[in-house]
Asks: 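My questions all concern the structure below.
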Amino acid sequence: MSCLGNIVWLIFGGFFGALGWVFIGMLWCISIIGIPVGIQCFKMARLQLAPFGKEVIDSESSGLTSFVLNILWIIFGGFELCIANLLSALLLCITIVGIPFAAQ
């Protein structure tokens, strides 16, 4: 069932969301300091392509460096991707069939 869900997801917006993550990841990889953030963007792009059947595990990294990178992430790419994903979810919620895809 997750294979069918991933195929439908890819057709109805997952591909364009993944392109956004790849683009932002490539921009972050321009600088040496941004490479770790860019690598995480590529991981999120892979998750955006096939979210069904996957589990996201939160790491317990904390500290000043992590805090600063999180603030920079929000300013340089995170907010835009958040708005794009929210708009995609709202469009998917229009139909009853799209609600599980919007939840992903």
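Numbers here are sequence positions counted from 1.
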Asks: Quick one: hydrophobic cluster around Phe15, which other residues, with the 4.5 Å side-chain cut-off, linked directly or via members?
Replies: Leu10, Phe16, Leu19, Leu49
Asks: Please check if the number of heavy atoms outside Ile83 that lie under 6.0 Å from its CD1 is greater than 12.
Replies: yes
Asks: In terms of hydrophobic clustering (I, L, V, M, F, W, Y; side-chain heavy atoms under 4.5 Å; direct or indirect links), are Ile24 and Ile75 co-clustered?
Replies: yes
Asks: Write out all pairs satisfying side-chain hydrogen bond (donor to acceptor under 3.5 Å, both in side chains) with one or both partners inside residues 83-95, taking only residues at least two apart or from two chains.
Replies: Gln48-Asn85
Asks: Let me have the donor-acceptor pairs involving side chains of residues 26-37, under 3.5 Å, with sequence neighbours excluded, atom names and distances please.
Replies:
from: Trp28; atom 1: NE1; to: Phe76; atom 2: O; distance (Å): 3.1
from: Ser31; atom 1: OG; to: Gly34; atom 2: N; distance (Å): 3.1

Asks: Shared ILVMFWY cluster between Phe67 and Leu69, side chains joined below 4.5 angstrom?
Replies: yes
Asks: In the structure I gave you, are the side-chain heavy atoms of Met44 and Leu47 within less than 4.5 Å of one another anywhere?
Replies: yes
Asks: Below 4.5 Å, heavy atoms only, C-beta onward: do Leu81 and Phe23 meet side chain to side chain?
Replies: no
